[in-house]
Student: 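Got a structure for you, questions after.
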Amino acid sequence: MPTNPYEKMQEDRIFTASKEELTLMLFDGALKFCNQALAAMESKDIAKANTYIMKVQNIILEFQMTLDKQYEVSKYLNSMYDYIYRRLVDANIQKSPEVLIEAKDLIKDLRNTWREAMKIAKVQASSGKAGIWNNEV
């Protein structure tokens, strides 16, 4: 149970978020952990870099495991997640900021695309048009 009001607000935000918002939060978390891993690499804290990269890897694995395979785009996303995961492993083994930045940029692109899809879905929902969020493609 959080005692800090900010932590309580964050907890409430998570518990009341939609699936789409939770996905966006995970993307944001992955980017935050990438930044923390880069900072740890810069300060030569190998253990912290490893911890943060592993957190990003876990998020990417979660995305991969929860893909809805009924959509054609899932094949593309699965390949992207696989590539990002492998680059994260490479970045962790090599302690390479360049490789981590490559993975981070791909995650950022996916996050931005997800955010745009959420906006489009919201507009479609408010105009009464069918969309992917209600399983109509």
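Side chains included, hydrogens not; waters and symmetry mates left out as well; all remaining heavy atoms used.
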Student: Should Thr23 and Thr66 be marked as a side-chain contact (heavy atoms from CB on, under 4.5 Å) after you check the CA-CA gap, both sets of side-chain angles, and the distance that decides it?
Tutor: CA-CA 11 Å; Thr23 299; Thr66 58; over 6 Å; no
Student: Write down the atom of Ala103, the atom of Leu88, and the distance for their closest heavy-atom approach.
Tutor: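 Answer, listing the atom of Ala103 first, then Leu88: CB-CD2, 3.8 Å.
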Student: Does one hydrophobic cluster hold both Met54 and Ile84, with members joined at side-chain heavy-atom distances below 4.5 Å?
Tutor: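 No, it is not one cluster - the side chains of Met54 and Ile84 are not joined through contacts under 4.5 Å.
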Student: Using a 4.5 Å cut-off on heavy atoms from C-beta on, say whether the side chain of Met118 contacts that of Arg115.
Tutor: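 When only atoms from C-beta onward are counted, Met118 and Arg115 do not touch, as no gap falls below 4.5 Å.
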Student: Measure the CD-OG distance between Gln64 and Ser74 for me, rounded to the nearest 0.5 Å.
Tutor: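 If we round to the nearest 0.5 Å, Gln64:CD and Ser74:OG are 11.5 Å apart.
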Student: Quick one: do Leu61 and Leu26 end up in the same hydrophobic cluster if we chain Ile, Leu, Val, Met, Phe, Trp and Tyr together by side-chain heavy atoms under 4.5 Å apart?
Tutor: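 Cluster IDs for Leu61 and Leu26 match.
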Student: Are Leu110 and Val89 connected into the same hydrophobic cluster when the rule is that any two of I, L, V, M, F, W, Y join if their side-chain heavy atoms are below 4.5 Å apart?
Tutor: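 Yes, it is one cluster - the side chains of Val89 and Leu110 are joined through contacts under 4.5 Å.
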Student: According to a hydrophobic-cluster definition based on side-chain heavy atoms being under 4.5 Å apart (Ile, Leu, Val, Met, Phe, Trp, Tyr only), do Leu106 and Leu31 belong together?
Tutor: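 In one cluster: yes.
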Student: Show your working on side-chain contact (heavy atoms from CB on, under 4.5 Å) between Glu20 and Trp114 and close with a plain yes or no.
Tutor: CA-CA 8 Å; Glu20 297 81 22; Trp114 184 257; 4.2 Å; yes
Student: Per the salt bridge (Lys or Arg N to Asp or Glu O under 4.0 Å) rule, what does the pair list look like for residues 73-85, sequence neighbours excluded?
Tutor: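 Every pair satisfying salt bridge (Lys or Arg N to Asp or Glu O under 4.0 Å) with a residue in residues 73-85: Glu72-Lys75, Asp82-Arg86.
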Student: By the side chain to side chain donor-acceptor pair (under 3.5 Å) test, which pairs, at least two apart or in different chains, include something from residues 31-48?
Tutor: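 Found Asn35-Lys104.
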Student: Applying ring-ring contact (aromatic ring centres under 6.0 Å, His included), which residue pairs with at least one partner in residues 44-66 are found, sequence neighbours left out?
Tutor: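 Pairs touching residues 44-66 that pass the test: Phe27-Phe63, Phe63-Tyr81.
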Student: Decide side-chain contact (heavy atoms from CB on, under 4.5 Å) for Leu77 and Tyr71; before the verdict, give the C-alpha distance in whole Å, the side-chain angles of both, and the deciding distance to 0.1 Å.
Tutor: CA-CA 10 Å; Leu77 286 171; Tyr71 299 106; over 6 Å; no
Student: Output all residues satisfying side-chain hydrogen bond (donor to acceptor under 3.5 Å, both in side chains) with Asp105, sequence neighbours left out; order by chain, then residue number.
Tutor: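 Listed in chain order: nothing, the list is empty.
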Student: Mind checking what makes salt bridge (Lys or Arg N to Asp or Glu O under 4.0 Å) contact with Lys69, not counting sequence neighbours?
Tutor: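 Not a single residue meets the salt bridge (Lys or Arg N to Asp or Glu O under 4.0 Å) criterion with Lys69.
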Student: Which pairs, with at least one residue in residues 87-103 and sequence neighbours excluded, count as a side chain to side chain donor-acceptor pair (under 3.5 Å)?
Tutor: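 Residue pairs with at least one partner in residues 87-103: Asn50-Asn92, Tyr83-Glu102, Arg87-Asp90, Arg87-Glu102, Asn92-Lys95, Ser96-Glu98.
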Student: Linking I/L/V/M/F/W/Y whenever their side-chain heavy atoms sit closer than 4.5 Å, directly or via other members, would Met25 and Met65 fall into one cluster?
Tutor: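 Met25 does not cluster with Met65.
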Student: Verify side-chain contact (heavy atoms from CB on, under 4.5 Å) between Val56 and Leu100, making sure each step is shown before the conclusion.
Tutor: CA-CA 10 Å; Val56 181; Leu100 183 54; 5.9 Å; no
